[in-house]
Protein chains: 2
Amino acid sequence: MTHQTVGHRARPGLPDDPLAKVTEPAPSCPVEITLSALHGRWTTLVIRELLQGARTFTELRHALPALSDKVLSDRPAHLTEAGVLDRRRQPGWPPRVHYTLTSHGRRLGPVLQALWDWGAAVTASPPES
Amino acid sequence: MTHQTVGHRARPGLPDDPLAKVTEPAPSCPVEITLSALHGRWTTLVIRELLQGARTFTELRHALPALSDKVLSDRPAHLTEAGVLDRRRQPGWPPRVHYTLTSHGRRLGPVLQALWDWGAAVTASPPES
DNA sequence: CTGAATCCCTGCCGATACTG
DNA sequence: CAGTATCGGCAGGGATTCAG
């Protein structure tokens, strides 16, 4: 399926890594890092928007009209810290800021795809419950 | 609506699906469904544990000693609702409950793998920050 | 043994108002 | 234009206690 080139593994399941044995949500755990990057309402929608190209603050607001200015400001800031986004100020007036995905950010595409596929599969064939 | 076959996709990124155009975190969005299943602290660690086989309440407690009884009870309950887990009571005394991944649950393995890979890649090559 | 009920504390998110 | 400051409501989750 859309199993990208994220590296194949000998066996299914989780990798053979010392961090795979943590018994608490350590911030150094790769899974925690990713979930932390995706954390927060609206976050995945902001990423989806930017997967289609650079966006300014106003363009994001237009694409996601329900977001308050605060969240519209917080999400890109958080994502920039997480290394997902690049923030470029365009000199002059009025101020313009362009948000662009970094190479890391672009690699979130397959991750969101994996999330999408699982949710779609569950919807298509709900469990016994 | 979810007319899709989750098969191959013409282009990278997100699928061509009406739900891909929501402008708010709709609960019917597959991505939201998956994130909702993984939602909550400790959740992914519980799933990781169960990816290695069925576990009882006590076995989970032993594997994840830091969890309070409440969370240790809430997480499997939530995951059962989400169709990830199967809960089987063993008759007799003392009461024993076995938690097992459903077929949907087992399919979370690759999803966690994708999350792991992204986090590991970011750690390996941190951004400009 | 396997939880459910309760209490409290914290952090998220929405709304509104203000600034370089 | 692109945010920051502030306030308040509410849900998540830890600790403790109780129940089948």
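Computed from heavy atoms alone, side chains included, the values below leave out hydrogens, waters and symmetry copies. Each chain gets a letter, A, B and so on, in the order its sequence line appears, and its residues count up from 1.
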Using side-chain heavy atoms (C-beta onward) and a distance below 4.5 Å, is [X] in contact with [Y]?
X: A/V22; Y: B/R48; value: yes
X: A/H104; Y: B/S125; value: yes
X: A/P30; Y: B/T123; value: no

Quiz item: In residues 52-59 of chain A, which residues come under 4.0 Å of DNA chain C by heavy atom?
Solution: none
Quiz item: So what does B/R96 hit on the nucleic acid, given a heavy-atom distance under 4.0 Å: a base, only sugar-phosphate, or nothing?
Solution: sugar-phosphate
Exercise. Could you tell me whether B/S73 contacts a base, only the sugar-phosphate backbone, or nothing, with contacts defined as non-hydrogen atoms closer than 4.0 Å?
Key: sugar-phosphate
Quiz item: Between the two end axes of the helix from C/dC1-D/dG20 to C/dG20-D/dC1, each built from 5 base pairs, what angle do you get to the nearest 10°?
Solution: 50°
Self-check item: Nucleotide of D/dG12, D/dG3, D/dG14 approaching B/R41 most closely (side-chain heavy atoms)
Solution: D/dG14
Checking [X] side chain against [Y] main chain: does a donor-acceptor pair fall under 3.5 Å?
X: B/T34; Y: A/G119; value: yes
X: A/T43; Y: A/H39; value: yes
X: B/T56; Y: B/H98; value: no
X: B/R61; Y: B/L67; value: no

Quiz item: Could you run down nucleotides 15-20 of chain D 5' to 3' and tag each one B, S or - for protein heavy-atom contact under 4.0 Å?
Solution: B----B
Quiz item: Could you go step by step and tell me if B/R41 and B/V71 meet the side chain to side chain contact (heavy atoms under 4.5 Å, CB included) rule?
Solution: CA-CA 9 Å; B/R41 216 156 103 96; B/V71 177; over 6 Å; no
Quiz prompt | Residues that A/R87 engages under side chain to side chain contact (heavy atoms under 4.5 Å, CB included), provided they are two or more places apart | solution = A/T80, A/R89, A/V97, A/Y99
Exercise. Can you sort out the partners of A/S103 under side chain to side chain contact (heavy atoms under 4.5 Å, CB included), two or more places apart, ordered by chain and number?
Key: A/R106, A/R107
Quiz item: For B/W42 and B/D74, what are the C-alpha separation, side-chain angles and deciding distance, and is it a side chain to side chain contact (heavy atoms under 4.5 Å, CB included)?
Solution: CA-CA 11 Å; B/W42 302 100; B/D74 280 359; over 6 Å; no
Quiz item: Looking only at side-chain N and O atoms, does A/Y99 come under 4.0 Å of OP1 or OP2 in D/dC1?
Solution: no
Quiz item: Taking only N and O in the side chain of A/R87, is any of them less than 4.0 Å away from OP1 or OP2 of D/dA2?
Solution: no
Quiz item: Rounded to the Å, how far apart are A/H78 NE2 and D/dG3 C1'?
Solution: 18 Å
Self-check item: For atom CG of A/L72 and atom P of D/dA2, their distance in whole Å
Solution: 10 Å
Quiz item: Can you pull the contact range of chain B along DNA chain C, 5' to 3', using atoms under 4.0 angstrom from its heavy atoms?
Solution: C/dC1 to C/dT6
Quiz item: Do B/F57 and B/R96 pass the side chain to side chain contact (heavy atoms under 4.5 Å, CB included) test, and can you show the C-alpha distance, the side-chain angles, and the key distance before you say yes or no?
Solution: CA-CA 8 Å; B/F57 191 91; B/R96 291 260 170 185; over 6 Å; no
Practice problem: Run the numbers on B/L51 and B/L112 for side chain to side chain contact (heavy atoms under 4.5 Å, CB included), then give the verdict. | Solution: CA-CA 11 Å; B/L51 277 172; B/L112 292 181; 4.2 Å; yes
